[in-house]
Amino acid sequence: MESPRTLEEISDGKIYDIDDCVAADTGGCKGCSACCHSVGDLVILTPFDVYEIASHLNQSLDELLENYIELREKNKIQLPHLKMQGTSERCSFLNSEGRCSIHGYRPNICRLFPLGRIYEQNTFKYFLQVGSCPKPKLETVQIREWIGIDNYEVNKEMIFIWHQFIKALTFRLKFVYDMAEIDKMNSYLIDTFYRIPLDSEVDFYAEFYKRLPIAKSELGIL
């Protein structure tokens with residue numbers, strides 16, 4: 001089996017923060033959609049990702065699960081992923097021209113590419129995935145501009161807290177062996193965080209934080 005590659009092997013050896021500049025701008029991709037194929041196991045959708053897509057398309061989670069996303073399991077946890085289609089394993093959101101049909105509402109991981117995240121004790125920063133984009137020369141861009149997400153600091157805090165929550169749940173599930181109990185916990189996870197009402201009066205972040213302590217208690221996470 002091939003050994004996992006180290007950060008030094010896949011990056012330029014530098015760690016970047018949000019206001020740093022990095023050679024990551026693909027210039028609109030110009031017809032290329034290479035990074036939108038065969039990534040079903042890589043693009044794990046956060047509750048915010050699903051909320052954004054569902055709001056934009058005015059579709060429920062169940063409707064999205066019919067055509068665009070799917071639940072995949074890792075470490076006993078089921079989470080929504082982008083659904084790949086056809087023999088070319090193309091993202092279900094690619095249109096007939098090979099362009100992203102939800103570009104303004106695309107998942108956070110898609111916004112990052114060709115950057116990746118590296119989690120530290122109380123935050124995360126970014127690294128450049130060298131050679132991951134087939135374009136021969138990428139232009140320099142400020143990371144904040146490249147990601148292009150509103151309320152960046154609030155969004156970043158939510159992503160980090162979600163990362164810690166899933167990490168804690170992974171540890172918790174190491175000690176759960178009953179499949180019925182595991183299924184029940186996964187259903188609760190999806191219902192609690194991926195079925196936040198698509199209501200203009202509902203603030204996603206406020207609703208997320210309201211549900212978080214209740215979910216920790218229900219799932220047995222300290």
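Everything numeric in this text was worked out from a predicted model, so none of it was measured.
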Does [X] reach the main-chain N or O of [Y] with its side chain, forming a donor-acceptor pair under 3.5 Å?
X	Y	result
N75	I77	no
S101	F93	yes
D203	A206	yes
W146	F113	yes
S132	Q129	yes
K83	C91	no

Can you measure from [atom1] ([X]) to [atom2] ([Y]) and round to the nearest 0.5 angstrom?
X	Y	atom1	atom2	value
F160	M158	CZ	CE	13.0 Å
N95	C100	CG	SG	8.5 Å
C32	R99	SG	CZ	9.0 Å
L115	S11	CG	OG	11.0 Å
S60	Y194	OG	OH	15.5 Å
L64	I69	CG	CD1	5.0 Å

Taking C-beta and beyond as the side chain, do [X] and [Y] meet within less than 4.5 Å on heavy atoms?
X	Y	answer
L71	I190	yes
E120	K125	yes
E207	V202	yes
F165	L219	yes
L79	I166	yes
V130	D12	yes
C21	V141	no
N108	D49	yes

Work out which heavy atom in [X] is nearest to a heavy atom in [Y]; give both atom names and the distance.
X	Y	result
N186	K76	ND2-O, 2.9 Å
R111	I147	NH1-O, 3.0 Å
E157	Y209	CG-OH, 3.6 Å
E63	N58	OE1-O, 4.2 Å
S33	G98	CB-O, 3.5 Å
M185	L169	CE-CD1, 4.1 Å

Under a single-linkage definition using a 4.5 Å side-chain heavy-atom cutoff for Ile, Leu, Val, Met, Phe, Trp and Tyr, are [X] and [Y] assigned to the same hydrophobic cluster?
X	Y	result
Y16	L138	no
V176	M179	yes
Y68	Y105	no
I214	Y51	yes

Checking side-chain polar atoms at under 3.5 Å, does D20 have a donor or acceptor matched by the opposite partner on Y126? no
Indicate whether the side chain of D150 and that of N155 have a donor and an acceptor atom separated by less than 3.5 Å. no
Check the surroundings of atom NZ in K210: do more than 12 heavy atoms from other residues, nucleotides or ligands lie under 6.0 Å from it? no
Around atom CG of D178, are there more than 12 heavy atoms from other residues, nucleotides or ligands closer than 6.0 Å? yes
Is the charged tip of K156 near the ring of F124: under 6.0 Å from the six-membered ring centre and within 45° of its axis? yes
For F193, the option from F204, Y188, F48, F208 that meets ring pair (Phe, Tyr, Trp, His ring centres under 6.0 Å): F208
side-chain contact (heavy atoms from CB on, under 4.5 Å) for K167 and F171? Distances and angles first, verdict last. CA-CA 7 Å; K167 185 177 178 181; F171 181 77; over 6 Å; no
Flag the pair E70 and R72 as a salt bridge only when some basic side-chain nitrogen lies within less than 4.0 angstrom of an acidic carboxylate oxygen. yes
Chi angles and distances behind the side-chain contact (heavy atoms from CB on, under 4.5 Å) call for H37, L94: CA-CA 9 Å; H37 291 73; L94 283 181; 3.8 Å; yes
Y152 vs I149, side-chain contact (heavy atoms from CB on, under 4.5 Å): CA-CA, chis, key distance, verdict: CA-CA 6 Å; Y152 171 79; I149 193 164; 3.9 Å; yes
Apply side-chain contact (heavy atoms from CB on, under 4.5 Å) to the pair I143 and D19, showing each step before the final yes or no. CA-CA 6 Å; I143 294 177; D19 290 316; over 6 Å; no
